[in-house]
4 protein chains.
Amino acid sequence: MTDSSDTPKSSGIGSLSLKERQRQERLELILQATETALLEKGYHEMSLDEIAAQVGIAKATIYLHFSSKEELVISLLKRALEASLHDLEQVVMKPISARARMEQIVGLSCKGKKKEHGQLFFALITGTNLRKEVIEKQLSWGDYLKKVVTLISKVLEDGKSSGEINPAIPTELLQFTLMAFLSRPGMETPFEQQPEEYAKQVLEILFKGIGNPDQILNRN
Amino acid sequence: MTDSSDTPKSSGIGSLSLKERQRQERLELILQATETALLEKGYHEMSLDEIAAQVGIAKATIYLHFSSKEELVISLLKRALEASLHDLEQVVMKPISARARMEQIVGLSCKGKKKEHGQLFFALITGTNLRKEVIEKQLSWGDYLKKVVTLISKVLEDGKSSGEINPAIPTELLQFTLMAFLSRPGMETPFEQQPEEYAKQVLEILFKGIGNPDQILNRN
Amino acid sequence: MTDSSDTPKSSGIGSLSLKERQRQERLELILQATETALLEKGYHEMSLDEIAAQVGIAKATIYLHFSSKEELVISLLKRALEASLHDLEQVVMKPISARARMEQIVGLSCKGKKKEHGQLFFALITGTNLRKEVIEKQLSWGDYLKKVVTLISKVLEDGKSSGEINPAIPTELLQFTLMAFLSRPGMETPFEQQPEEYAKQVLEILFKGIGNPDQILNRN
Amino acid sequence: MTDSSDTPKSSGIGSLSLKERQRQERLELILQATETALLEKGYHEMSLDEIAAQVGIAKATIYLHFSSKEELVISLLKRALEASLHDLEQVVMKPISARARMEQIVGLSCKGKKKEHGQLFFALITGTNLRKEVIEKQLSWGDYLKKVVTLISKVLEDGKSSGEINPAIPTELLQFTLMAFLSRPGMETPFEQQPEEYAKQVLEILFKGIGNPDQILNRN
DNA sequence: AATGAATGAGGTTTCATTCAT
DNA sequence: GATGAATGAAACCTCATTCAT
């Protein structure tokens, strides 16, 4: 109902009124507290009482910004998804080789965690414990996935065009292969502390394969 | 408290008494209903009222088999984890090439779903929405992962020994690479309906890489 | 409904049939377990599961002897009340001085505890946590009290007749005074381990009072 | 959790804010309803549904004042114990004869009932049916008894010093004797409607004893 | 605008009691 | 006759949501 996009009531004075700025700050605090709680405990274990206490406001005040608990979380996740989509787009558009871009994409999925936009891509949703129904309908998860796939496809096609990537492999399969490295299966990645190093290694494998080069040479 | 491993009183007649068989059947029904509800709605959204109604028994009856909601779910998941570990072990021990075994392992993660032992590996836990604390303490998730990694490592080492797999790649990285294909990032795999075909393709990529063979040859 | 006074079905053989004797033994075990649990935990905290387990029978078997949990406890208490009334009567009828009998009555309230008939008199009911309604209607607590008072009155009247007790004191007041020493206010009595010694001391006080004899003499 | 000792935010206006006063009033209503139910039915038979209905509020509202059923009852009893201790202390400190004070102490145990602070002393706890464990741990019943005994001892020692009480009788025995009259054995006291008259009579007996004065005189 | 207070709906759990074998 | 199994009724407690101030 009430949304973060509410326009301030009086834009006459300079820019935003003091009240309005405070309001925005509070909204930000609520979202941050929610993010922390959500990643730590998941949707159901997290209570609005807790968040209000964390921010230092009354529980009812949350309802001035969001019409329900679900809307609060959805709103948070939407922002995160948009941000991750934005980041992904930035990388995809870079004027560098396809492999270099792929490396950065894999790196993206390791950074961030709770700091920047809350991990990246899939891992974000995984830990929330939201109903699938909600994820699909409210977050348009399907649409999100499609956009991600489209962006990634562009890089892959670029790779094929430039001769970096084997054009014989169907793009659909390449998509899935790359995306498999973007979520985490509940276990820590190796090189957890050095995402760049990790991404480099993954790409090396991805491109050269794990097969023994001797046998491959022999095969030809 | 009461567990599925309770041995029947074995009155010596034939096999299991009628009562005992009925008991086992109902326990199985409860577990199935729970699995369905768990995968569909997650731990919190699922209620015992619902499960009891589904099975056609009174809610209190569930407590004859499990001492709490948590124990019910934990018990279900434990069975599934053990089953998946068993399946994995079977494959690992087969006297076939490492690559063939890896192909079957990847295939395992696609089959089953709710049918056989409830998906496989990680995906199973992902959708439950159980508290991390519970997952670790009650399910020994850490131990489970270690066992999986150990089994997979065996195949990978075998591959290195037989010359199938590039020995220059650290096994730790190989482990993670393979496991990345065993969980699903919330999206359908391509060839969803033909796990074997899908597994074959993945292995092809995994071994040969996605790099353009021409360039690779040139690089040497 | 079913009561302990059930007559055996076939009294034809000698005395009681084997079955019947076993039945009586089991009933006794149930009552004992109930007494223990009742004194330890009170009516509500005590469960039939617990008692059945203690005796080593199925919970449903208890219902072959008593038609409800309440009836079981009532039955137990009734027996105890009757027994205590019997003991009291024995003492009252003894051909000894009133004071000696009073001493023994006070002593009665200290002995027994869980051993014999479960404490005595009031203390028994105090710890059970039964609804007052039940205590009155099912146990006829009022009738019980009346009988106790009547018996005690006899001793007191005897004391007055024999010149031991001051005839100027109303018997009603004497009754209450003596009975005050028959229940315990949730605290241990002094001389807890020597009821006889304790009873002797109480009687000494009861007869001579706690006033300073010098002043009393002076007063006259 | 929230306790009756929470200080109002004291907004500086006059005394307590309207909200705060209403809050206190309802808390008082809850406690009264609880007291009634507790004395009437005991801890287990009494339900929060019932109390809420009695007060005319929702069940959940009770949890705004007390974090659990147990805490509610404990809180009620604590207040009553403290009040009774306060009353006792007032009497003990009065600059009147020991006997006069003892008379008032006995009188205390008859007044009040549900009206003032909920009976007095022991009788209060007796009817609640709380687990012994709780009574001891949460209510510090042992400590309470000790304080009562200490206060009473003071009066008794005073009596010995002033020559009112026979110094040959051990104080410990005197304590118990007096306290025997402070609890009620489940029966009504005589002179129920005139506590002062009753107390006077008890003290008369307590001091002079029930022995026949003629015999006592003769004995000397 | 902000909040403290109130609540209704729902969930898990316990047990005395019944019934088919 | 004895029992294991099944159950219904009820209790406590939580929390997202609303409302009066």
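Each chain gets a letter, A, B and so on, in the order the sequences are listed, and its residues count up from 1. Keep in mind that what you see is a predicted model, and the values were worked out from it rather than measured. Only heavy atoms go into these numbers, but all of them, side chains included; no hydrogens, no water, no symmetry mates.
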Residue that, paired with A:Phe66, satisfies side chain to side chain contact (heavy atoms under 4.5 Å, CB included) out of A:Leu76, A:Thr34, A:Leu31: A:Leu31

Contact list for DNA chain E against residues 50-59 of chain B - heavy-atom distance below 4.0 Å: B:Lys59

Closest-nucleotide ordering on DNA chain E, the 5'-leading residue of C:Glu70 and A:Lys19: A:Lys19

Upstream residue (5' side of DNA chain E) when D:Gln22 and B:Leu48 are each assigned their closest nucleotide: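 Of the two residues, D:Gln22 wins.
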
Comparing A:Ser68 and D:Met46 on DNA chain F - which has the more 5′ nearest nucleotide: D:Met46

Of A:Lys69 and D:His44, the one whose closest DNA chain F nucleotide lies more 5': D:His44

Qualifying residues under side chain to side chain contact (heavy atoms under 4.5 Å, CB included), relative to C:Gln22, sequence neighbours excluded: C:Leu18

Please examine the side chains of [Y] and [X], heavy atoms only from C-beta on, and report whether any two atoms are closer than 4.5 Å.
{"X": "D:Val55", "Y": "D:Thr61", "value": "no"}
{"X": "D:Leu130", "Y": "D:Gln138", "value": "no"}
{"X": "D:Met46", "Y": "D:Glu40", "value": "no"}
{"X": "C:Leu39", "Y": "C:Glu35", "value": "yes"}
{"X": "B:Leu48", "Y": "B:Leu72", "value": "yes"}
{"X": "D:Arg131", "Y": "C:Lys41", "value": "no"}

Taking only the side-chain heavy atoms of [X] (C-beta and beyond), determine which of [options] contains the nearest atom.
{"X": "C:Ala60", "options": "E:dC19, E:dA16, E:dG8", "value": "E:dC19"}
{"X": "B:Thr61", "options": "F:dT7, F:dC19, F:dC13", "value": "F:dT7"}
{"X": "D:Ser47", "options": "E:dA2, E:dG11, F:dC12", "value": "F:dC12"}
{"X": "D:Leu64", "options": "E:dA16, E:dT3, E:dT7", "value": "E:dT7"}

Cation-pi geometry met for C:Lys69 and C:Tyr43 (6.0 Å, 45°):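 Flagged: C:Lys69 positioned over aromatic ring of C:Tyr43.
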
From [atom1] of [X] over to [atom2] of [N], roughly how many Å is that when rounded to an integer?
{"X": "D:Asp49", "N": "F:dC13", "atom1": "CG", "atom2": "P", "result": "12 Å"}
{"X": "C:Lys41", "N": "E:dC15", "atom1": "NZ", "atom2": "C1'", "result": "14 Å"}
{"X": "D:Leu72", "N": "F:dC13", "atom1": "CG", "atom2": "P", "result": "10 Å"}
{"X": "B:Glu45", "N": "E:dT12", "atom1": "CD", "atom2": "C1'", "result": "16 Å"}
{"X": "C:Phe66", "N": "F:dA2", "atom1": "CZ", "atom2": "P", "result": "14 Å"}
{"X": "B:Gln24", "N": "F:dG4", "atom1": "CD", "atom2": "P", "result": "17 Å"}
{"X": "C:Ile62", "N": "E:dC15", "atom1": "CD1", "atom2": "C1'", "result": "12 Å"}
{"X": "B:Tyr63", "N": "E:dG11", "atom1": "OH", "atom2": "P", "result": "12 Å"}

Pairing stems for DNA chain E [at least three consecutive pairs; Watson-Crick or G-U; under 3.5 angstrom]: E:2-21 with F:2-21

Phosphate-side-chain proximity, C:Arg23 and F:dG1, N/O vs OP1/OP2 below 4.0 Å: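 False: C:Arg23 side-chain N/O out of range (4.0 Å or more) of F:dG1 OP1/OP2.
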
A:Arg26 side chain near E:dA1 phosphate (N/O to OP1/OP2, under 4.0 Å):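 Checking E:dA1 against A:Arg26, no side-chain N or O comes under 4.0 Å of OP1 or OP2.
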
C:Gln24 versus C:Glu20, side-chain donor and acceptor atoms under 3.5 Å: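 The answer is yes; a qualifying pair exists.
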
